[in-house]
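Take a look at this one; I'll ask things after.
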Amino acid sequence: MWLSGERRWRHFRTARTRTGMQRGLWPIGLLFSSLLLGSAAHASGLSVAGSGMSAGSSAVSACDADGVAYRYTVNGSAQITSVTVDSIAGACAGGQLRVTLANGLASLVEGLAALPSSGFTGSATVSVADTQSSQVTRVLAVIEGP
Amino acid sequence: MRRLAAGRRMPGLLAALVGALLLCGSIATAASLTVSGGRLTTFNRTYGSPTTCTLTAAADAYVREVTPATALGAETTLEVSPQKLARRRSLVRFDLGTCSPAIPADAIVHSASLRLTVVVAILTGSRTYDLSRVSASWSEATVTWNAQPGVASPTTSLVVAAGTSPGSNLEWNVVADVQDFLTGASANHGWRISDAAEGVATAELLQVHSREAATDLPTLVITYVA
């Protein structure tokens with residue numbers, strides 16, 4: 001049954017004010033929006049930890065999902081002079097690797113290395129200013145791009 | 001009537017959906033500001049408390065110029081001498097794979113010391129002993145002066161004074177080599193100890209316990225985090 005515009009709106013307003021069930025939809029809507037917000041907040045958190053992130057309407061995923069491995073070079077004074085990051089996925093080629101050595105939450109030193117777009121072997125070595133190995137409790141590697 | 005019933009639900013759901021999408025859009029925009037132009041992939045590795053592994057030698061031997069074809073790996077001492085035409089050099093190797101727990105390749109070494117204990121030091125003055133990383137495989141049963149492995153440039157040196165008494169511990173800092181052994185940057189063929197100034201006329205001799213001795217075996221102490 002198809003109603004004209006004026007009749008349909010009148011019918012709709014009448015129906016809306018007289019059904020108790022309709023009033024119950026607002027809490028459902030609120031719940032729905034909470035779920036959506038919760039998902040969005042959760043996705044934001046994951047992106048910081050290395051998973052995918054969405055911005056706008058296009059999804060952006062991490063270039064490496066299965067982790068990397070580290071190797072250190074230490075000099076005779078027990079200072080770290082470079083960090084090699086291995087097992088970087090080929091999808092990260094063309095990005096920039098930033099390695100930070102830290103003591104807890106305090107950054108000690110960081111270094112950069114470009115991941116070549118072609119001929120990338122999956123490993124990159126980052127030189128860092130000599131840093132006492134006993135001070136390092138954490139290493140953070142961040143690949144920006146590609 | 002069924003279509004009308006569905007229409008009645010629209011305003012509530014639609015308002016909630018639009019509100020949620022707007023808010024979600026704000027969140028996504030805030031996230032993209034931190035990204036600043038591309039995706040970020042992050043990895044975090046946290047290290048625990050320091051652990052110490054103490055190893056005794058897996059193989060050791062010394063080689064002697066005056067008996068160039070004789071294997072001396074079963075001797076209870078290791079010897080070093082700079083004496084011309086009678087030089088002596090010692091080799092020692094440790095199996096890092098026997099540490100328990102196993103040291104992972106991404107461990108960070110805080111310190112590593114090779115310790116040898118003096119049996120006798122017959123020195124006319126202070127002598128400097130080079131510790132060099134061995135660059136080829138060798139066996140204590142077959143290594144001889146004529147068939148001794150090559151070495152890299154000395155890792156470190158240690159000065160031993162005349163009058164050093166028996167039982168004294170001699171320690172070389174090998175932290176850089178051990179880190180390289182763990183990562184595979186260098187193959188672990190052990191170290192060679194030799195006098196830094198070979199070819200002298202006097203009969204200088206440093207004698208230390210080998211792994212075949214009853215006590216004071218060659219030891220490698222590694223402190224690391226993993």
Side-chain angles (χ1 to χ4, degrees), chain A residues 1 3 8 11-12 15-16 19 22 25-26 28-30 32-37 39-41 43-44 47-50 52-56 60-65 67-78 80 84-85 92 95 133-134 136-146, chain B residues 1 3-5 7-21 23-25 27-48 50 105-112 155-156 173-180 182-185 223-225:
Chain A
M1 183 176 67
L3 305 173
R8 193 167 68 238
H11 188 94
F12 168 73
R16 186 168 181 271
T19 53
Q22 188 64 45
L25 285 176
W26 285 101
I28 294 171
L30 202 59
F32 183 56
S33 64
S34 299
L35 286 173
L36 279 172
L37 284 172
S39 302
S44 272
S47 70
V48 174
M53 172 189 294
S54 62
V60 180
S61 59
C63 66
D64 187 320
V68 295
Y70 301 97
R71 286 182 288 143
Y72 302 90
T73 302
V74 170
N75 64 20
S77 300
I80 295 174
T84 298
V85 183
C92 300
S133 65
S134 59
V136 177
T137 61
R138 197 164 67 92
V139 59
L140 181 70
V142 178
I143 298 170
E144 298 179 27
Chain B
M1 283 304 290
R3 183 184 300 202
L4 205 60
R8 283 201 303 269
R9 290 190 190 102
M10 281 297 291
L13 286 174
L14 197 62
L17 187 60
V18 169
L21 287 175
L23 283 168
C24 287
I27 290 168
T29 303
S32 68
L33 282 174
T34 63
V35 170
S36 68
R39 62 181 168 184
L40 290 181
T41 305
T42 68
F43 306 97
N44 185 34
R45 170 77 160 91
T46 303
Y47 288 87
D106 68 348
I108 300 175
V109 179
H110 287 182
S111 65
T155 298
T156 183
N173 170 11
V174 290
V175 63
D177 284 346
V178 168
Q179 184 75 63
D180 283 352
L182 288 174
T183 62
T223 301
Y224 66 94
V225 289

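Numbered from 1 within each chain, the chains take letters A, B, ... in sequence-line order. Worth saying up front: this structure is predicted, and the values here are computed from it rather than measured.
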- Task: Quick one: pull up CZ in B/F43 and CG in A/D64 and give me the separation to the nearest 0.5 Å.
- Result: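 Answer for the CZ-CG pair, B/F43 versus A/D64, is 4.0 Å.
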
- Task: Measure distances from A/A78 to the heavy atoms of chain B and classify the residue's part below 4.5 Å as side chain, backbone, both or neither.
- Result: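 When you check distances to chain B, atoms from both the backbone and side chain of A/A78 fall under 4.5 Å.
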
- Task: Evaluate the criterion side chain to side chain contact (heavy atoms under 4.5 Å, CB included) for residue pair B/L40 and A/E144; output intermediate values, then yes/no.
- Result: CA-CA 5 Å; B/L40 290 181; A/E144 298 179 27; 3.5 Å; yes

- Among A/T73, A/I80, A/I143, which has the most heavy-atom pairs under 4.5 Å with chain B?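 The candidate making the most pairs under 4.5 Å is A/I143.
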
- Message: Could you go through B/Y47 and A/V139, starting from their C-alpha distance and side-chain angles, then the distance that decides it, and tell me whether this counts as side chain to side chain contact (heavy atoms under 4.5 Å, CB included)?
- Response: CA-CA 8 Å; B/Y47 288 87; A/V139 59; 4.0 Å; yes

- Verify, without hydrogens or angle tests, whether B/Q179 (side chain) and A/N75 (backbone) share a donor-acceptor contact under 3.5 angstrom.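 Not a single qualifying donor-acceptor pair exists.
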
- Message: So does A/S61 get a backbone contact from the side chain of B/R39, meaning a donor-acceptor N/O pair under 3.5 Å?
- Response: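 The answer is yes, because a donor-acceptor pair under 3.5 Å joins these two groups.
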
- Of the listed residues (A/G67, A/G95, A/C63), which shares the most heavy-atom pairs with chain B below a 4.5 Å separation?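 Most heavy-atom pairs within the cutoff with chain B belong to A/C63.
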
- Task: With rounding to the nearest 0.5 Å, note down the distance linking OH in A/Y70 to CD1 in B/I108.
- Result: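 Spacing of OH (A/Y70) from CD1 (B/I108) equals 10.5 Å.
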
- Message: What part of B/A105 gets within 4.5 angstrom of chain A, counting heavy atoms only: side chain, backbone, both, or neither?
- Response: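 Only the backbone of B/A105 comes within 4.5 Å of chain A.
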
- Task: Tell me, for B/S111 versus chain A, whether the close heavy atoms (under 4.5 Å) come from the side chain, the backbone, both or neither.
- Result: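 Neither the backbone nor the side chain of B/S111 comes within 4.5 Å of chain A.
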
- Message: As an exercise: rank A/P146, A/C92, A/S77 by heavy-atom pairs under 4.5 Å with chain B and give me the winner.
- Response: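 Of the options given, most contacts go to A/P146.
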
- B/A112 portion near chain A, given a 4.5 angstrom heavy-atom threshold: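 Interface part for B/A112: neither.
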
- Query: Which region of B/N44, side chain (C-beta onward) or backbone (N, CA, C, O), has a non-hydrogen atom less than 4.5 Å from a non-hydrogen atom of chain A, or is it both or neither?
  - Reply: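 When you check distances to chain A, atoms from both the backbone and side chain of B/N44 fall under 4.5 Å.
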
